[in-house]
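Ligands are counted one by one from 1 in listed order, and the atoms in each one are counted from 1 as well.
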Amino acid sequence: MERIVVHGGRPLSGAVRISGAKNAALPIMAASILTEGPTVLRRVPRLTDVETIAEILRALGVSVDWIGRDSLLLAPRRTGPCVAPLDLVRQMRASICVLGPLLAMRGAAKVPMPGGCVIGPRPIDLHLRGLSALGAAMEIEGPYIRAWAGRLRGTRVNLAGPHGSTVLGTANVVMAAALARGRTVIEHAACEPEIQDLVAFLNACGARIAGAGTRRLVIEGVQRLHGTEHTIIPDRIEAGTFLAAAASTGGAVTLRGARPDHMQAVIEVMKRMGVDFRRVEGGLTVSRSGPLRPVSLVTSPYPGLPTDMQPQLSVLLCLAGGKSTVREGVYPCRFAHVPQLQRMGARISHGQGRAVIQGVGRLHGATVNAAALREGAALVVAGLAAQGLTTIRGVDQIDRGYQALEERLEELGADIRRVEVESAEGPTRKSA
Ligand code: EPU
């Protein structure tokens, strides 16, 4: 069993290079099923979630190999198995995005239902609605969704859900529509940078998709897609987590290779908290000299404030003087970090999708549990700023989305390390 141990209170300083985006890499890897011919992906982060989807793809007959530090070679077969392994899919929700490509390319798919998790219910009704509209037949068979179709037909699909659009649902429908006969129009499509990156990848493979970055995607189906070479966009959530880490400790850190244009909402809210930003050659420098200020924040789909930054930003609000409010507009139950932060001295109450944070100025170290990926990252941020020793359990959650996090923080001056302990813990649940 591994733990991350942090002695808090050291301001961070220096520069850190931002990795490729996990949430862009995962659907783009799944999209390789659609292509005839190999694809090379660059700037792929070395994460357990990436290894998991690579295993799923191998089980589906795609060969997946690292060909360098951060490049992957994916070589699909036109035909092959259509059943995604239950144990692997259950580890990661993003594996649902093999459903659309399998249907479009191989005419059949059997993919386990991904469950709910600690960030709240994660239904897939919009994915299924979109794929059915394209002509797929579906039934639930035990833990699996079984779907089949002849060639899919272009149509009009509305992906509006109760909390806005759906990111992976949009990915699934776009991938399936890329090979459908005729035109598909997706209304209320997700416009996250990760979807823009998927569309850029598909277009580089020969797809004809317009409207990326808007709420309306228009896809003219093509007969076939070829492989390509593509570089994954930088991870805006990893970058935001480093911003929060720097701001929590009062240091000055330069992000190299980040895309500030993808992070406007996070930067804007942190400025309101009293954090300073400066564009520098090839990067963005974040620093804080004064105290953190309380704010009200609301998460929502892009270009709004990302829910995946809510736990980390909540830590900053614990360190501010005064009362802040947080409204979670995407996952109203995403507050698993709250009891852990309370152990560190935070004063937070929450209910009905809202938290009220009474800033306490300073947190103290404690032993805490990472219930999910971003929640775990928030505990690292809290530990960096806290007085004394913080021990974080559930490190496997953090490894799903952050590459060598503690090594990179150590290079920035943090007193942080990973330790092996003997005692066994019960299994932790997975989310992203
Ligand atoms: N929703 C439905 N029906 C659906 C699908 C979603 O009602 O069929 C609801 C969800 O319950 C939620 C909202 O729509 O309230 C948005 O969910 P969405 O489908 O957009 O989430 P996702 O695509 O499953 C991706 C990221 C998440 C990120 C969300 C929101 C990946 C692999 N995951 O999930 O990332 O929180 O978008 O931005 O791209 C993470 O990286 O830590 C993580 C959880």
Side-chain angles (χ1 to χ4, degrees), residues 19-31 45 47-50 52-53 56 89 91-100 113-133 138 145 157-175 188-198 232-233 235-241 262 265-266 299-312 328-334 336-337 353 370-378 397-402 429-432:
S19 319
K22 165 183 83 81
N23 290 349
L26 298 176
I28 290 175
M29 287 173 70
L47 302 169
T48 50
D49 273 10
V50 166
T52 304
I53 196 126
I56 292 171
V89 171
Q91 288 179 34
M92 189 181 70
R93 179 177 166 89
S95 44
I96 188 66
C97 54
V98 299
L99 182 60
M113 294 275 272
C117 65
V118 291
I119 66 175
R122 311 267 310 258
I124 54 162
D125 54 310
L126 297 169
H127 301 232
L128 303 187
R129 188 207 289 173
L131 296 173
S132 303
M138 308 221 179
I145 305 151
V157 179
N158 187 331
L159 289 181
H163 303 286
S165 187
T166 161
V167 178
L168 291 177
T170 300
N172 245 330
V173 177
V174 165
M175 291 187 282
H188 291 103
C191 52
E192 269 68 4
E194 293 75 18
I195 293 294
Q196 298 176 37
D197 204 30
L198 172 66
I232 303 289
I233 54 169
D235 195 315
R236 63 196 169 104
I237 306 299
E238 183 195 75
T241 304
H262 289 166
V266 171
T299 65
S300 61
Y302 192 82
L305 189 66
T307 173
D308 290 345
M309 279 300 298
Q310 184 260 111
Q312 303 91 312
E328 177 48 68
V330 180
Y331 297 117
C333 301
R334 191 175 205 171
H337 49 292
L373 168 56
R374 309 304 172 187
E375 291 66 9
Q397 289 293 331
I398 296 170
D399 291 340
R400 300 179 58 209
Y402 294 89
R429 300 175 73 188
K430 316 257 180 179
S431 68

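Residues Val266 and Pro306 share a closest heavy-atom pair of CG2-CD, 3.7 Å. Residues Ser165 and Thr170 share a closest heavy-atom pair of OG-OG1, 3.6 Å. The shortest non-hydrogen separation linking Asn172 to Leu131 is O-CD2, 4.0 Å. Residues Pro301 and Gly164 come closest through the heavy atom pair CG-CA, 4.2 Å.
Below 3.5 Å of separation, one finds an N or O of Val330 facing an N or O of ligand 1. Of the polar atoms of Gly169, none of the N or O atoms is found under 3.5 Å from an N or O of ligand 1, judged by distance alone. Looking at Leu373 next to ligand 1, no N or O pair under 3.5 Å apart turns up. In terms of polar-atom proximity, Leu126 is counted as a contact of ligand 1, with an N or O under 3.5 Å from an N or O of the ligand. Between Thr307 and ligand 1, no pair of N/O atoms sits closer than 3.5 Å. Ligand 1 has no nitrogen or oxygen under 3.5 angstrom from a nitrogen or oxygen of Pro162. On a distance-only criterion, Arg122 and ligand 1 share at least one N/O pair closer than 3.5 Å.
Taking a cut-off of under 4.0 Å to the non-hydrogen atoms of Ala94, the atoms of ligand 1 that pass are 32 (C). The His163 neighbourhood of ligand 1 comprises atoms 15 (O), with distances under 4.0 Å to a heavy atom of that residue. Atom numbering of ligand 1 starts at 1 in the shown order; those under 4.0 Å from a heavy atom of Lys22 are 40 (C), 41 (O). Heavy-atom proximity to His127, at under 4.0 Å, picks out these atoms of ligand 1: 8 (O). Near Arg334, meaning under 4.0 Å from any of its heavy atoms, are these atoms of ligand 1: 36 (O), 42 (O), 44 (C). Ligand 1 places these atoms under 4.0 Å from at least one heavy atom of Arg93: 24 (O).
By the criterion of a heavy-atom distance under 4.0 Å, neither the backbone nor the side chain of Tyr302 is placed next to ligand 1.
Using a 4.5 Å heavy-atom threshold, the side chains of Ile237 and Asn23 count as separate. Side-chain contact check for Leu128 versus Leu99: some heavy-atom pair is nearer than 4.5 Å. Between Ile145 and Ile96, some side-chain heavy-atom pair lies under the 4.5 Å cut-off.
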Stepwise salt bridge (charged side-chain N to carboxylate O under 4.0 Å, His left out) test for Arg236 and Glu194: CA-CA 10 Å; Arg236 63 196 169 104; Glu194 293 75 18; 2.8 Å; yes
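Within the structure, the closest approach of Pro306 to ligand 1 does not fall below 4.0 Å when heavy atoms are considered. Heavy-atom separations between Glu375 and ligand 1 are all 4.0 Å or longer.
A salt bridge does not link Arg93 with Asp49: every distance from a Lys NZ or Arg NE/NH1/NH2 to an Asp or Glu carboxylate oxygen is 4.0 Å or more.
Glu192 contributes no side-chain N or O that, together with a main-chain N or O of Ile195, makes up a donor-acceptor pair within less than 3.5 Å.
Residues Gln310 and Thr299 have side chains that never bring a donor and an acceptor to within less than 3.5 angstrom of each other.
Remark: among candidates Asp308, Asn23, Asp49, Val167, the nearest residue to atom 37 (O) of ligand 1 is Val167, based on non-hydrogen atoms. Looking at Leu168, Asp125, Ile124 and measuring to atom 23 (O) of ligand 1, the nearest heavy atom belongs to Leu168. Heavy-atom proximity to atom 11 (O) of ligand 1, evaluated over Ala372, Pro123, Gly304, is greatest for Pro123.
A distance of 5.5 Å separates CE of Met92 from OG1 of Thr52, quoted to the nearest 0.5 Å.
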